[in-house]
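To start, the structure itself, in structure tokens.
Just so you know, these numbers use all the heavy atoms, side chains as well, and skip hydrogens, waters and symmetry mates.
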Amino acid sequence: MNTVFEKNRCCGCSACSRICPVGAITMVEDGEGFLYPEINQEKCIQCGACHRICAFNTQIEKQEIGKVYAVQNKEEELRNKATSGGFFHIIASYTIKNGGVVYGAALNEELVVEHQRAEKQEELEKFYGSKYVQSDLHKIYESLLRDIKENRLVLFTGTPCQVAEVRQYYQMHNGDIKRLITCDFVCHGVPSRKIFKEHIQFLEKEYKKKIVSYKFRTKDYGWKGHHEKAIFEGGEDTEKSHKECVDIYKELYGSLNIIRPSCYECPYAKSEHISDMTMGDFWGIENYEEEFKDNKGTSFVMINSQQGQKIFEELKEEMIYKEEKIEICRNPQLKGPTSKPKNREKFWNEYSSKGYKYIAKKYTTYGLVKKARVTAYQILKKMKLK
């Protein structure tokens, strides 16, 4: 068994394993929790399908940057449920109203982030909100193939590299690319699913309760900032208890040590995108436009194709929007990939040898906050006794 590609040139989408005509490729998780393809050389027939479908071998067509918009969903309830301005619901609802299906990232019952399929309006809520974990695609390829054969209208949302894979999958199965709407997002890099799994286990042990849902970014304190929340059985959440534990994952993600190696060399972290539209948070818009200053969320929407512009024109009645210049959006991943931390190798060596709790204490404020809380409690207890 040999790896098909080098780790810094593999986004883990599993498309190569699905396209292989003889089943020679298996996706295997490494010590960091990322999936990589391994090839059985005895089965391999050297057809080259795995190389042709690879996102790192896909040529990004050079094109002029399309129009850029600041967008807010007119329905306040839907905007409040979204991470930014609620643009996703607008385009997803449009797809379903036109007889199509939607693919997006969702948390399953085991709190694993995976891509799922929806063809009803009430199914869209599972896709709301950012998921800061790499999403598993392998389950959707069979249903995608059925949708291709039935010529269904499909909206696929995901990271830029995932969009590239799905477009290649369509073309290699002779799908009508005009029946595929693609919407990627401004991606900072995909974190390890292994670290997130251990984070959930750590919280359950700390609180002695089972977690049934997890919010990677809530608007409990407004759109700005990054506030996470774990929801336990019975409805109680970490906002009602000590919050420093749930912030561990946020801080580990912010350190950039837990994102996939290929993200540091991402060929899609630039202004040219392969999707029809790109969405994200429109950071900095409040400095230029008074009407977008309510701290409830504004979407950044960049049009990358004629199809994307045509669809956007059809959606305008459902949103508050204004055309803007790309230069005012404070999203560095529109200019280049995330920089690799200097201590990344040391981080993973310490995680491998000493475990999750050790890196939580060393690389986040968890240990400091907890120590300060205990100290404060002891001081108050002594004052009460006196």
Side-chain angles (χ1 to χ4, degrees), residues 12 27 29-35 80-83 104-118 120 122-140 190-221 225-255 257-260 348 351-352 354-374 377:
M27 300 302 293
E29 184 176 292
D30 75 346
E32 296 182 0
F34 297 111
L35 293 175
N80 288 334
K81 290 180 179 180
T83 300
L107 277 167
N108 66 18
E109 292 181 357
E110 286 75 41
L111 299 184
V112 174
V113 179
E114 62 181 16
H115 260 65
Q116 296 180 9
R117 182 179 184 272
K120 297 178 181 178
E122 55 267 29
E123 295 178 301
L124 294 179
E125 192 159 347
K126 63 186 177 183
F127 300 139
Y128 293 168
S130 299
K131 284 88 178 175
Y132 297 129
V133 186
Q134 179 158 31
S135 177
D136 192 346
L137 293 184
H138 83 276
K139 291 182 180 180
I140 69 167
V190 289
S192 164
R193 62 181 191 171
K194 185 174 185 178
I195 292 293
F196 179 66
K197 182 179 180 180
E198 288 215 38
H199 177 62
I200 294 297
Q201 292 172 345
F202 173 79
L203 291 179
E204 290 182 334
K205 185 177 180 180
E206 190 80 8
Y207 293 105
K208 297 180 175 57
K209 296 176 184 178
K210 181 175 175 56
I211 295 174
V212 295
S213 184
Y214 196 92
K215 305 296 182 183
F216 292 87
R217 265 180 64 196
T218 74
K219 289 181 179 175
D220 293 351
Y221 304 99
H226 183 158
H227 307 286
E228 301 193 359
K229 180 190 291 187
I231 295 91
F232 302 99
E233 280 184 333
E236 186 180 357
D237 61 62
T238 46
E239 289 295 311
K240 300 173 183 176
S241 187
H242 300 328
K243 192 177 181 296
E244 70 272 7
C245 295
V246 77
D247 280 344
I248 293 172
Y249 188 74
K250 174 188 76 174
E251 293 181 38
L252 289 176
Y253 177 40
S255 76
N257 283 306
I258 66 171
I259 68 172
R260 192 177 182 94
W348 282 103
Y351 165 75
S352 179
K354 299 179 180 179
Y356 180 83
K357 193 168 184 177
Y358 176 86
I359 62 167
K361 288 182 176 180
K362 181 171 180 179
Y363 292 91
T364 77
T365 58
Y366 163 68
L368 295 174
V369 174
K370 189 169 185 179
K371 185 178 180 180
R373 188 184 292 276
V374 171
Y377 172 77

Side chains of [Y] and [X]: any donor to acceptor distance under 3.5 Å?
| X | Y | answer |
| --- | --- | --- |
| E198 | Y249 | no |
| Q134 | S192 | no |
| E228 | Y214 | yes |

Would you call L252 and T364 a side-chain contact if the rule is heavy atoms closer than 4.5 Å?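 Yes; the side chains approach each other to less than 4.5 Å.
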Does any non-hydrogen side-chain atom of Q116 lie less than 4.5 Å from one of K126?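 Heavy-atom side-chain distance check passes, below 4.5 Å.
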Considering residues, nucleotides and ligands other than K215, do more than 12 of their heavy atoms fall under 6.0 Å from its NZ?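 Result for NZ/K215: open.
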Tell me whether the count of non-hydrogen atoms from other residues, nucleotides or ligands lying under 6.0 Å of NZ in K362 goes above 12.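 Counting other residues, nucleotides and ligands, NZ of K362 exceeds 12 neighbours.
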F216 and H227 aromatic centres sub-6.0 Å: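 No - the distance between ring centres of F216 and H227 does not fall below the 6.0 Å cut-off.
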Y358 and Y363 aromatic centres sub-6.0 Å: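 No, they do not, as the ring centres are separated by 6.0 Å or more.
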Between [atom1] of [X] and [atom2] of [Y], what distance do you get to the nearest 0.5 Å?
| X | Y | atom1 | atom2 | answer |
| --- | --- | --- | --- | --- |
| E114 | K131 | CD | NZ | 11.5 Å |
| K361 | K354 | NZ | NZ | 12.5 Å |
| D30 | K194 | CG | NZ | 8.0 Å |
| I258 | R193 | CD1 | CZ | 14.0 Å |
| I195 | I200 | CD1 | CD1 | 12.5 Å |
| I211 | I231 | CD1 | CD1 | 9.0 Å |

Looking only at atom types and distance, does a side-chain atom of [X] sit under 3.5 Å from a main-chain N or O of [Y], one as donor and one as acceptor?
| X | Y | answer |
| --- | --- | --- |
| E123 | K120 | yes |
| S130 | Y132 | no |
| N108 | L111 | yes |

My understanding is that only residues two or more places apart in sequence, or in another chain, count here; which of them pass salt bridge (Lys or Arg N to Asp or Glu O under 4.0 Å) with R117?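 R117: salt bridge (Lys or Arg N to Asp or Glu O under 4.0 Å) contacts with E119, D147.
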State which residues pass side-chain hydrogen bond (donor to acceptor under 3.5 Å, both in side chains) with E32; sequence neighbours excluded, sorted by chain then number.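 side-chain hydrogen bond (donor to acceptor under 3.5 Å, both in side chains) list for E32, sorted by chain: R344.
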Any residue meeting side-chain hydrogen bond (donor to acceptor under 3.5 Å, both in side chains) with H115, in chain and number order, not counting sequence neighbours: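 Testing H115 for side-chain hydrogen bond (donor to acceptor under 3.5 Å, both in side chains), a comparison that skips the adjacent residues, returns S135.
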Please state whether the rings of H226 and Y253 are parallel, tilted or perpendicular, taking 30° and 60° as the class boundaries.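 Answer is perpendicular, since the angle exceeds 60°.
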